[in-house]
Structures are given as structure tokens and as C-alpha cells.
Amino acid sequence: MRPFPRPRDLAEARRLQEALRARVVLAGDPTPVRWVAALDASAKKGEGLFAVAVLWDRRAEGAVAAASAHVPESELFPYVPGYLSFREAAAYLAALSRLPRPPQALLVDGQGIAHPRGLGIAAHLGVHLDLPSVGLAKRRLFGQPAGPLAEEADAAVPLCGPPGSLGAANPACPGIQVGWVWRSRARVRPVFLSPGHRVGLPETLAFARGFPRATKLPEPLRLAHLLAGRARKNRQTGPLPLEW
DNA sequence: GCGACAG
DNA sequence: ATCTTGTCGC
């Protein structure tokens with residue numbers, strides 16, 4: 001497994017993002033893919049970071065395996081908005097390598113191209129692994145909704161970035177569409193969806209809608225979030241029991 | 001200078 | 001991300 005580059009400072013990190021942004025492919029449809037990995041992490045001040053990968057079978061609509069990896073505090077890149085991949089991606093790669101089989105697509109907790117330089121963690125990981133990927137963030141980092149979002153479940157509006165953004169033209173956007181604001185369930189705050197790599201904008205929304213949802217988060221991400229918290233509490237690394 | 005700011 | 005008490009609802 002190719003190591004994930006670790007920049008010495010933010011200037012170098014920024015140069016990496018600016019270079020890799022050109023490699024993002026905004027077309028493709030991961031909807032028919034069977035094996036998807038959902039990625040989330042849990043971190044606490046003195047405990048480092050625990051990353052979890054959940055292997056999800058889209059055909060059976062269920063999780064089949066999960067694994068965690070740990071990065072000690074001393075080795076962690078600091079959290080700086082816009083540079084999340086340099087903090088979390090290496091841990092995700094380690095967790096992914098512990099799954100019983102490699103995934104065919106990724107669903108990542110964070111932004112895809114809805115990012116100041118078009119390279120949020122989902123896009124960065126997708127390019128690094130050359131896998132289709134989608135970002136799903138609970139909060140906004142970049143872009144503005146094209147308009148008000150309907151209250152009903154499953155409503156979505158384009159997320160628009162300024163003219164130079166990495167994305168696609170959309171009449172609903174003054175500039176460029178970089179993602180979607182999506183109300184995954186009724187009466188919940190919307191989430192922010194954006195393409196990572198090798199996926200188009202309409203397909204990004206279709207891909208996310210294809211997962212079962214009991215809460216605002218699609219099931220594989222909800223599970224990854226739950227397991228990440230438990231992995232940290234129990235300092236658990238390696239394969240994780242699903243029924244945990 | 002001020003506000004915004006994934007996890 | 002984490003922290004924190006109560007509260008509402010099944």
C-alpha cells in the first residue's frame with residue numbers, strides 16, 4: 001500500500017492539494033458497485049485518533065466486516081479546516097487494509113470537492129486509491145445552497161461554489177455546482193454531499209440515496225461512527241465485531 | 001480588521 | 001471531533 005504523503009507544513013499541504021485537484025475525475029456511476037467502505041474516525045485530546053472502515057454489501061444491504069486503526073497524538077497532523085485529509089487519511093488507509101477484501105467505492109465522513117481547493121478528504125482518498133468516492137459531511141465547509149431546502153425527507157438542492165470552482169455547470173447555480181445539500185430524513189439538519197473521485201454530481205446524490213437510513217446518516221456511516229467511538233473507548237485496533 | 005471554519 | 005443535563009418519545 002502506497003503511503004499517504006505527510007507534509008511538513010500547511011504551505012506544502014496546500015501545494016499537494018493544488019496539484020492533486022487536477023486529477024479528480026467528475027464522471028462515473030458507483031451506484032451498481034457491490035462493495036463499499038464507509039469511513040469515520042473518533043479522536044480525543046490525549047488519545048490520538050481511531051479510524052474505522054466498515055465494509056458494506058450494497059447487494060445485501062448490510063455490513064459484512066469492520067476494522068480500526070490508531071494514530072497516536074504525537075504523530076497526528078493538527079486539525080485545520082481545509083486540511084483534514086492530512087490528519088485522517090493515513091489512518092483510514094490502515095483501517096482499509098485490514099478489511100477482508102478491498103472496497104470498490106468509498107463513502108467518507110467529510111467533503112469531496114466541496115472544498116476551497118476542490119480536494120476534500122473524500123476526493124483526496126479517491127484520487128490516492130484511484131477509487132470512486134463520495135463525501136458526506138454533517139456541516140458545511142465550502143459553497144452555498146442554490147435555494148431553500150424543502151422540509152420533506154429526501155429533499156435536495158445544489159451546493160454552489162464560485163465560478164472558478166471544481167465542479168459542473170448547473171442553471172440553478174450562479175457559479176458552479178460542487179455538491180448537494182440533502183435532507184436525508186424528515187426533521188433533521190441536512191447533510192452536505194459532494195463527489196470525491198470518479199463520480200458525477202447526479203450520481204453522487206443517487207449513490208447516497210441508495211443506502212438505507214434509520215437516522216440522518218446512511219447506515220454504513222452511522223455504523224462506522226458508532227464503532228469509531230467504541231474503538232477509542234476500548235483502544236481497539238484491527239478487525240472489529242459488527243455486533244459490538 | 002472581521003467572520004467563517006469538514007473533523 | 002469532544003463536552004454536558006435535561007427532556008421527549010417509544
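Any value given below was found using the heavy atoms of this structure, including those in side chains, with hydrogens, waters and symmetry copies removed. We name chains A, B, ... by the order of the sequence lines, and we start the count at 1 in each one.
Between A/Leu76 atom CG and C/dA1 atom P there is a gap of 15 Å when expressed in whole angstrom units. The NZ-P distance, from A/Lys138 to B/dC5, rounds to 15 Å in whole Å. When the P atom of B/dG7 is taken as reference, atom CG of A/Asp109 falls 6 Å away, rounded to whole Å. As rounded to whole Å, 13 Å separates atom C1' of B/dG7 from atom CZ of A/Arg232. Atom CG in A/Asp40 sits about 9 Å away from atom P in C/dT2, given to the nearest Å. Look at CG on A/Leu221: it is 11 Å from P on B/dG7, rounded to the nearest Å. We find that CZ of A/Arg87 is positioned 8 Å from C1' of C/dA1, with the value rounded to whole Å. To the nearest angstrom, C1' of B/dA4 lies 10 Å from CD of A/Gln144.
Under the 4.5 Å side-chain contact rule for hydrophobic residues, A/Leu16 and A/Leu119 do not share a cluster.
Contact annotation for A/Gly82: base contact, defined as any heavy-atom pair under 4.0 Å involving a base atom. At a threshold of 4.0 angstrom between heavy atoms, the contacts of A/Phe50 with the nucleic acid are absent. Among the atoms of the strands shown, none is found under 4.0 Å from any heavy atom of A/Leu49. Among the protein residues, A/Glu88 comes within range of the sugar-phosphate backbone only, with heavy atoms under 4.0 Å from sugar or phosphate atoms but none that close to a base. At a threshold of 4.0 angstrom between heavy atoms, the contacts of A/His225 are confined to the sugar-phosphate backbone, with no base atom among them.
A/Leu227 and A/Ala66 get closest at one heavy-atom pair: CD1-CB, 3.6 Å.
Two rings, from A/Phe211 and A/Phe207, have their centers less than 6.0 Å apart. Not less than 6.0 angstrom separates the ring centroid of A/Phe142 from the ring centroid of A/His115.
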Checklist outcome for this item: Output field dot_bracket for DNA chain B (Watson-Crick or G-U, both distances under 3.5 Å, | for other-strand pairs) contains .......
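By the 5.5 angstrom centroid cut-off and the 30-degree plane limit, A/Tyr79 is classified as stacked against the base of B/dG7.
For CZ of A/Arg235, the number of neighbouring non-hydrogen atoms (other residues, nucleotides, ligands) closer than 6.0 Å is 12 at most. Enclosure of atom CZ in A/Arg6 by more than 12 non-hydrogen atoms of other residues, nucleotides or ligands within 6.0 angstrom is indicated.
In this model, the phosphate group of B/dC5 is approached by a side-chain N or O of A/Arg140 to a distance below 4.0 Å at OP1 or OP2.
Between A/Asp130 and A/Arg198, at least one side-chain nitrogen of the basic residue sits less than 4.0 Å from a carboxylate oxygen of the acidic one, meeting the salt-bridge criterion.
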